[in-house]
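Hydrogens, waters and symmetry mates play no part in the numbers below; they use all other heavy atoms, side chains included. Just so you know, ligand 1 is whichever comes first in the structure, and atom 1 is the first atom listed for that ligand. Throughout, residue positions are numbered sequentially from 1 according to the sequence presented.
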Amino acid sequence: MWQGRIGVLALVVVAFLAGIPMCAAGGGGGDNQLEVYSWWTGPGEEEGLDAMAREFEAKNAGVTFVNAAVSGGAGSNAKAILASRLLANDPPDSYQRHAGLELEDDVRSGKVRDLTALYDREGWRDVLPKGLLDNLTIDGRIYAVPVNIHRANLMWYTPATLDKLGLAGPPKTWSEFLEQAEKIKQAGLTALAIGPQWTQKHLFETVLLGELGADRYQQLFGGSLRWSTPEVGAALATYQKVLSYSDLRSASGDWQPQIDRVVQGTAVYAVMGDWASGYLEGPKKQRWQQGYAAVASPGSDGVYSFLSDAFTLPTGARNPELAEKWLIECGSTEGQNLFNPKKGSIPARIDADAKLYPGYLGWALGQWRDKRTRIVGSLAHGVVANNAYNAEIDSALGLFNQTGDLPKLASTLDSTYEATR
Ligand code: GAL
């Protein structure tokens, strides 16, 4: 245990020196403290977590919620620090994971507890969508409690900038985007704002989805379509062209500054998940279809590329009883309705009151519940690739940014898929 704490201390020092804000150092948690680990430190998302935390404390008198969030979009810092804590058997009482293959790794390595009995007690199987439950279930047992559904395949813009440029609407296909992008470039603006590496992977999956379509996208990540086929090669070439109209070379900061450039009008579009709506509606005080708008990313109309934030009960948690109470909060109607409107996501539960979700979220809820909508899973946010493959994709995309070598990218992704299965 002490070794674990020393390891965590070292990481905290590293995080401090690297300037990574951590809300609370690892290893917290007295008898009446619940340490919850996530990466929600930004405006909007932090308020969402806080709203749920306050209700948890109100329902559990005398218990303190210790927010151990580590900043960095998509868990870019939090996941690495968490991995070290898990290795040192020093887990928080509950930590954020995405539904899907990202969670599977923790289950296979025995890091998280089976929550099937809790699901039975709370009746959650009746109030969560089957597809989501499937992504939380391994060998018939369920391992995490989802708080929300996010949509990844969205393109954000402001009506004012399109008007100024005389663009009739956002592009419906990536080739239409490329046509617009050339005009935007000539007008002296950036066609596509981009952020750190994970946002590039987010764009990457979005271009693949739009170019290949939902079936082929699923086959690609399911292993039955190879990266080195001409069809995928053409989609990769589109990604390269799209990237060339972005501000990749000068992009700095996380996804919030990426969205800021669209709001300011120096960039026209950004591909991002709908946590952007929480940020835009809350701290940025923009209104849906007035100050900002979003559509399905090019080529993906009618498709909902989903991801879901869920919380776990780690083996070796200091306060498993409190952690279970936290999970009950996460799975409750009240908790989800406090959290999601601020976070910019729709509830995981199917029985949520649609009236609480106006503006963008109302539109999202309508699409999610529409039987005709095709649902696929996000790559960058853990649904369709396990952690090892996702890490290989990160390295391959990083190298690709330097070399621009498309055949090499495809062959690396083929071979690493096989090696990380
Ligand atoms: C995702 C996460 C979202 C949001 C986003 C940006 O991975 O599921 O809730 O935090 O990253 O950080």
Side-chain angles (χ1 to χ4, degrees), residues 20-23 36-52 67-82 94-103 132 135-136 144-154 156 193-206 253-260 270-283 294 304-312 330 335-336 338-348 360-361 364 377-387 390-391 393-394:
I20 300 168
M22 299 175 78
C23 283
V36 174
Y37 191 93
S38 76
W39 56 86
W40 295 328
T41 62
E45 55 190 17
E46 191 175 33
E47 279 89 1
L49 178 62
D50 203 50
M52 210 165 36
N67 182 354
V70 174
S71 74
S76 37
N77 302 315
K79 285 179 181 174
I81 294 175
L82 177 67
S94 184
Y95 62 84
Q96 177 188 358
R97 268 292 186 236
H98 289 122
L101 292 179
E102 181 181 301
L103 176 67
L132 177 59
N135 274 288
L136 298 161
V145 180
V147 279
N148 65 0
I149 299 290
H150 269 306
R151 186 176 186 179
N153 61 317
L154 292 163
W156 303 83
I194 199 124
Q197 198 171 344
W198 72 266
T199 68
Q200 296 158 37
K201 185 161 67 172
H202 190 122
L203 174 67
F204 177 69
E205 71 177 58
T206 308
D254 212 322
W255 61 270
Q256 295 94 338
Q258 178 187 359
I259 295 293
D260 287 347
V271 166
M272 190 39 61
D274 51 7
W275 40 93
S277 81
Y279 177 64
L280 287 163
E281 292 274 343
Y304 207 108
S305 180
F306 96 100
L307 58 121
S308 172
D309 295 305
F311 282 89
T312 58
C330 293
Q336 297 202 357
L338 282 169
F339 173 72
N340 286 299
K342 291 194 164 59
K343 178 66 168 69
S345 41
I346 56 172
Y360 163 78
L361 291 176
S378 164
L379 163 73
H381 307 282
V383 186
V384 294
N386 64 24
N387 297 341
N390 245 317
I393 296 176
D394 286 338

*Are Asn340 and Ser345 linked by a side-chain donor-acceptor pair shorter than 3.5 Å?*
yes

*asked:* Can you classify the ring geometry of His381 versus His98 as parallel (below 30°), tilted (30 to 60°) or perpendicular (above 60°)?
replied: perpendicular

*For Leu379 and Asn390, work out which heavy atoms get closest and say how close.*
O-ND2, 3.1 Å

_Value rounded to 0.5 Å, distance of OG in Ser38 from CG in Asn67_ = 5.5 Å

Can you list every pair where an N/O of ligand 1 is under 3.5 Å from an N/O on the protein?
{"residue": "ligand 1", "atom": "7 (O)", "partner": "His98", "partner atom": "NE2", "Å": "2.9"}
{"residue": "ligand 1", "atom": "7 (O)", "partner": "His381", "partner atom": "ND1", "Å": "2.7"}
{"residue": "ligand 1", "atom": "8 (O)", "partner": "His98", "partner atom": "NE2", "Å": "2.7"}
{"residue": "ligand 1", "atom": "8 (O)", "partner": "Asp309", "partner atom": "OD1", "Å": "2.5"}
{"residue": "ligand 1", "atom": "8 (O)", "partner": "Asp309", "partner atom": "OD2", "Å": "3.4"}
{"residue": "ligand 1", "atom": "9 (O)", "partner": "Trp40", "partner atom": "NE1", "Å": "3.2"}
{"residue": "ligand 1", "atom": "9 (O)", "partner": "His150", "partner atom": "NE2", "Å": "3.4"}
{"residue": "ligand 1", "atom": "9 (O)", "partner": "Asp309", "partner atom": "OD1", "Å": "3.4"}
{"residue": "ligand 1", "atom": "9 (O)", "partner": "Asp309", "partner atom": "OD2", "Å": "2.7"}
{"residue": "ligand 1", "atom": "9 (O)", "partner": "Lys343", "partner atom": "NZ", "Å": "2.6"}
{"residue": "ligand 1", "atom": "10 (O)", "partner": "Trp39", "partner atom": "NE1", "Å": "3.1"}
{"residue": "ligand 1", "atom": "10 (O)", "partner": "Trp40", "partner atom": "NE1", "Å": "3.0"}
{"residue": "ligand 1", "atom": "11 (O)", "partner": "Trp39", "partner atom": "NE1", "Å": "3.4"}
{"residue": "ligand 1", "atom": "11 (O)", "partner": "Ala74", "partner atom": "N", "Å": "3.3"}
{"residue": "ligand 1", "atom": "12 (O)", "partner": "Ala74", "partner atom": "N", "Å": "2.8"}

*With Val147 via side-chain contact (heavy atoms from CB on, under 4.5 Å) - residues at least two apart*: Trp40, Met52, Asp309, Phe311, Cys330, Phe339

*Under 30°, 30 to 60°, or over 60°: which ring-plane class applies to Trp275 and Trp198, parallel, tilted or perpendicular?*
tilted

